[in-house]
Participant: 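Encoded as structure tokens, here's the structure I'll be asking about.
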Protein chains: 4
Amino acid sequence: MPLDWPVIVHPRGLFYDGTLATQKNKHRLVQEFRRAGILQTACSLFARRGFAGTLMDDIARESGLAKGTLYLYFRSKKAICRELLLNHLRVLHERTLARMTGERTLRGKVEAYISLSFNYCDEHRDFFRILHTEAANLSGPPILSKTQLRDWQSEPAAALAEAIRSSIARREIGKLQPEAAAWAIVDITRGAIERRLSGQSPAGGCGDAAFLAEFVWAALSRFPAPRPRKAAGAAK
Amino acid sequence: MPLDWPVIVHPRGLFYDGTLATQKNKHRLVQEFRRAGILQTACSLFARRGFAGTLMDDIARESGLAKGTLYLYFRSKKAICRELLLNHLRVLHERTLARMTGERTLRGKVEAYISLSFNYCDEHRDFFRILHTEAANLSGPPILSKTQLRDWQSEPAAALAEAIRSSIARREIGKLQPEAAAWAIVDITRGAIERRLSGQSPAGGCGDAAFLAEFVWAALSRFPAPRPRKAAGAAK
Amino acid sequence: MPLDWPVIVHPRGLFYDGTLATQKNKHRLVQEFRRAGILQTACSLFARRGFAGTLMDDIARESGLAKGTLYLYFRSKKAICRELLLNHLRVLHERTLARMTGERTLRGKVEAYISLSFNYCDEHRDFFRILHTEAANLSGPPILSKTQLRDWQSEPAAALAEAIRSSIARREIGKLQPEAAAWAIVDITRGAIERRLSGQSPAGGCGDAAFLAEFVWAALSRFPAPRPRKAAGAAK
Amino acid sequence: MPLDWPVIVHPRGLFYDGTLATQKNKHRLVQEFRRAGILQTACSLFARRGFAGTLMDDIARESGLAKGTLYLYFRSKKAICRELLLNHLRVLHERTLARMTGERTLRGKVEAYISLSFNYCDEHRDFFRILHTEAANLSGPPILSKTQLRDWQSEPAAALAEAIRSSIARREIGKLQPEAAAWAIVDITRGAIERRLSGQSPAGGCGDAAFLAEFVWAALSRFPAPRPRKAAGAAK
DNA sequence: CATGAATGAGGATTCATTCAT
DNA sequence: CATGAATGAATCCTCATTCAT
């Protein structure tokens, strides 16, 4: 039962993006409210203990519901996780493209992508944690299909690639492989976010994002780089 | 699947790539042969089905051994996985540092790091697959400690950072944050490898590695990049 | 074997012999009913096949429950056995002391101890069988601690010893070592019960109990015995 | 392969009762030597860890033999335990009857039985420990048949009963049930020995044995005891 | 004979899912 | 709708016994 309107799981409670459509009957509302509550609880648990490490009993207890009730709203444990991830992916996805579309310049788009990724990560650490561990995983049939996962990064990557391509066409930057460069940007961003999630680098700081944008821009604007002078000198 | 001859990383750092230490007595040799065979089989299975999805029965069957026999060589399923990962991590680690040390220039070190990563990945796809999924995971106590995992990338990163630092000192490249840049290199490399593993980009091609090195070098040698001219012009 | 009605010793000391505490709500009642049923079934099985020889599958089947259900009521197989034994030990213990306290004379106390032991044994043969075999045993950590087992006999023995002591003080009987004599009584009783359980002597007969009391009383009231006359005569 | 001559397992080594028949070929001797060694080792282990808690690996290691070798001498683990117990039972049995036969008077026989039991227990604590725990037990088919176990005590009991019977016939003591009295003696002795083994009463002391003999003799020589005077007086 | 590596049947425990109330 | 007691398939590990060397 996919939601018609986007559900945003927020730490303060459950909010429905846009107007909280009051004309829907109460029943439907409660339905969605329950679904959202379960998803939020599950999100926190999956992030803390992993998919296999989270029991349906745990989800039920922390949701304040009975175990059987969970099955009124979701077909299975995997379905919970799947919906959880897909909801977030969709929102992340939409936001990302929206922000990037709003930017005109390549540099603007790059910065938009990186900073939005960082922001979303800070707001939804649990989601990211699950995404980076369980989603990639593969106990039995995977929770998300390869395609679903691929799209997560590949659409932003495609958008970046397109921006790069047009930037090259405008002679703004030199010739380089747009897709490869786009993926490099995506990878750098993801890596930085993971370190942030694992506590290796301080969260909340915007230094990382700024540096990454700068780093990327240096590469894009200079590519292809000249051979290092020193090495050249040594070769003489 | 009887083993032709296991090409495996051995606890003592020995490789059975065809050249075999013959001074060992036969018994010891068989011992190690079995261990290596089990590890190899398990590696393949873990990569295909994940840790939880792989049964001891499966490992036994594919090893051509009885289930009980596995426990003569390893204490538990987790122990198999742990040894598997640690062996590879150690070798990968040693090789990486050795290759990088062999290079004098920063560019050389960067290229060494990237190309060696790609090579090792191509040779040991299964290992990488496990590393990128199960190792990071967390059902119950993790298979590898955070420290063991962190070291996997952090030492090469540290080596890269050091190389960058000294390159800056020699005025070879401009000022930038050595650690952040080093991690960017590591992340780009890892991302490219993962796409390669998942079949998104063609394996065996050396184009990726070359492009990455180029891309990175462009960033390092230009940093900090000038503000984009066009954007500046547009801003007027 | 569906339960007609479990006659079982309950943790709180309640008996479900037909009179049932009706003020408990139904849920709680069912809970206890199940626990009691499982304990009874297990008691019978442990007695017949021993602890190790009894499978959880067996207990489940004979209880008319699924294997998993057992674990809703007890943490483990050992926990079932432990609770079984402790419940009985407590009741046996309480009854024994109560009966003995009710008697004034030493002979009365001795008879009370012996006859109550016989009665309880006749009512709960399975329990005694387990107690005499598994409890004393020692595969891995014992089911009951040494202390828990020791108390089983040592408190009645202590009570007997005290009665003997005061009887000596009243000059009712001669001087003898109260503890040693008390344990002799306990040992004689236990031995007779075991033979009864193993079918060596007919069960249900009260002849044994009467004889033992008589025998013990003869010893107590005559101690120390004069040297045998015949031997004395031979010595002349 | 039952031994023709009795094998006594002695702490100092392995001795064969009687003459160490040298005319047997060396092979046979070694055979028996091995058997005896295994039995001794197993005895110690069974006593310490119980039957189920003792692994064939343990017995092999402590015997200084390979695991497979054990099966050249014994059909199974249970066979080791059975032979162990039967050997000891036979010797204990023979000694007991011999000592009792050597005594003329009932009192002498009783004292002989009790003191020999204590002595044998002190010399072979391991054996007794096994006998008192595992023998009675019943994981799967019992190690010793009911009959074999019964005989352990029932023959001495029968001998005691016979002595009592003839003592009654000689009017040495009053009328009482010979079997019941005999078993009472056996039970008292066994109980005292068990407490000794479990450390409840000090080992090596002969006080216990002396007291028991005295206690028993008091009972036998007075039976049936007169009703307690005090109680009689109270009844007036 | 002696070995000890290999075997595999056996069993306790977990937990996602169902369904009667 | 909501519940939570009941289910039983699934899986890791042990250890007595065998047998090729």
Side-chain angles (χ1 to χ4, degrees), chain A residues 27 30-31 34 51-61 63-80 140, chain B residues 26-27 30-31 34 51-61 63-80 139-140, chain C residues 26-27 30-31 34 51-61 63-80 139-140, chain D residues 27 30-31 34 51-61 63-80 140:
Chain A
H27 174 263
V30 170
Q31 282 279 104
R34 281 275 162 83
F51 181 78
T54 299
L55 309 185
M56 288 300 268
D57 282 286
D58 297 333
I59 300 176
R61 194 176 331 104
S63 297
L65 297 171
K67 198 168 22 161
T69 308
L70 300 181
Y71 287 86
L72 296 178
Y73 295 94
F74 298 94
R75 186 180 300 275
S76 68
K77 185 167 117 172
K78 202 137 66 179
I80 296 178
Chain B
K26 196 176 178 184
H27 172 265
V30 169
Q31 280 279 108
R34 278 278 156 79
F51 181 79
T54 300
L55 308 187
M56 287 302 268
D57 281 291
D58 297 335
I59 300 177
R61 194 175 330 102
S63 297
L65 297 172
K67 205 178 355 175
T69 309
L70 300 182
Y71 288 89
L72 295 179
Y73 294 93
F74 299 94
R75 186 180 299 276
S76 68
K77 189 166 101 165
K78 201 138 70 176
I80 295 177
S139 302
Chain C
K26 197 175 177 183
H27 172 264
V30 169
Q31 280 279 109
R34 278 279 156 76
F51 181 79
T54 299
L55 308 188
M56 287 301 268
D57 281 290
D58 297 335
I59 300 177
R61 193 175 331 103
S63 298
L65 298 171
K67 205 174 2 172
T69 308
L70 301 181
Y71 288 88
L72 295 179
Y73 294 93
F74 298 94
R75 186 179 299 274
S76 68
K77 188 166 101 164
K78 200 138 70 178
I80 296 178
S139 302
Chain D
H27 174 263
V30 170
Q31 282 278 104
R34 281 274 163 83
F51 181 78
T54 299
L55 308 185
M56 288 301 269
D57 282 285
D58 297 333
I59 300 177
R61 193 176 333 103
S63 296
L65 297 171
K67 199 168 21 162
T69 308
L70 300 181
Y71 287 85
L72 296 177
Y73 294 95
F74 297 94
R75 184 180 301 274
S76 68
K77 185 167 116 171
K78 201 138 65 179
I80 296 178

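Chain A is the first sequence line, chain B the second, and so forth, proteins listed ahead of strands; every chain is numbered from 1.
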Participant: Thr69(C): which residues meet the side chain to side chain donor-acceptor pair (under 3.5 Å) condition with it, sequence neighbours left out?
Facilitator: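 Partners of Thr69(C) by the side chain to side chain donor-acceptor pair (under 3.5 Å) criterion come out as none, since no residue qualifies.
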Participant: What's the separation between atom NZ in Lys77(D) and atom CG in Leu70(D), rounded to the nearest 0.5 Å?
Facilitator: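 The CG atom of Leu70(D) is 11.5 Å from NZ of Lys77(D), to the nearest 0.5 Å.
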Participant: Just how far, in rounded Å, is P of dT3(E) from CZ of Arg34(D)?
Facilitator: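 These atoms are roughly 7 Å apart.
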Participant: What string of B, S and - do you get for nucleotides 15-21 of chain E, 5' to 3', if B is base contact, S is sugar-phosphate-only contact and - is no contact with any protein heavy atom under 4.0 Å?
Facilitator: SSBB---
Participant: How many Å lie between CZ on Phe74(C) and P on dA12(E), as a whole number?
Facilitator: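 Atom CZ in Phe74(C) sits about 16 Å away from atom P in dA12(E).
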Participant: For the pair made of CZ in Arg61(D) and P in dA2(E), what is the distance, rounded to whole Å?
Facilitator: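 Whole-Å distance recorded here is 20 Å.
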Participant: Output the rounded distance in Å from CG (Leu65(D)) to P (dG4(E)).
Facilitator: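 Answer to the nearest Å: 10 Å.
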Participant: Considering non-hydrogen atoms only, spot the tightest contact between Ala60(C) and Ala66(C) and give its length.
Facilitator: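 Smallest heavy-atom distance, with atoms named: CB-C, 3.8 Å.
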Participant: Holding to salt bridge (charged side-chain N to carboxylate O under 4.0 Å, His left out), I want the full list of residues that pass it with Asp57(C), two or more places apart in sequence or in another chain.
Facilitator: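 Once residues adjacent in sequence are excluded, the partners of Asp57(C) under the salt bridge (charged side-chain N to carboxylate O under 4.0 Å, His left out) criterion are Lys67(C).
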Participant: If pairs are Watson-Crick or G-U with both distances under 3.5 Å, what is the dot-bracket string of DNA chain E, marking crossing pairs with [ ] and pairs to another strand with |?
Facilitator: .||||||||||||||||||||
Participant: Can you tell me how far apart CZ (Phe74(C)) and CG (Leu72(C)) are? Round to the nearest 0.5 Å.
Facilitator: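 It is 11.0 Å, given to the nearest 0.5 Å.
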Participant: Quick one: list whatever passes salt bridge (charged side-chain N to carboxylate O under 4.0 Å, His left out) with Arg61(D), sequence neighbours left out.
Facilitator: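 Arg61(D) satisfies salt bridge (charged side-chain N to carboxylate O under 4.0 Å, His left out) with Asp58(D) once adjacent residues are dropped.
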Participant: How close or far is atom P of dT11(F) from atom CG of Leu70(B), stated in whole angstroms?
Facilitator: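 Roughly 16 Å, once rounded to whole Å.
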Participant: The criterion is side-chain contact (heavy atoms from CB on, under 4.5 Å); which residues satisfy it with Tyr71(C), sequence neighbours excluded?
Facilitator: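 Only Met56(C) meet the side-chain contact (heavy atoms from CB on, under 4.5 Å) criterion with Tyr71(C).
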Participant: Classify the nucleic acid contact of Tyr73(B) as base, sugar-phosphate or nothing, counting any heavy atom under 4.0 Å across all strands shown.
Facilitator: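 If one applies the 4.0 Å heavy-atom cut-off, Tyr73(B) turns out to touch the sugar-phosphate alone, with no base involved.
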Participant: dC1(E), OP1 or OP2 - any side-chain N/O from Gln31(D) closer than 4.0 Å?
Facilitator: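 Yes, within the criterion.
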Participant: Could you check if a side-chain atom of Arg34(D) sits within less than 4.5 angstrom of a side-chain atom of Leu65(D), using non-hydrogen atoms only?
Facilitator: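 Yes, at least one pair of side-chain atoms sits under 4.5 Å.
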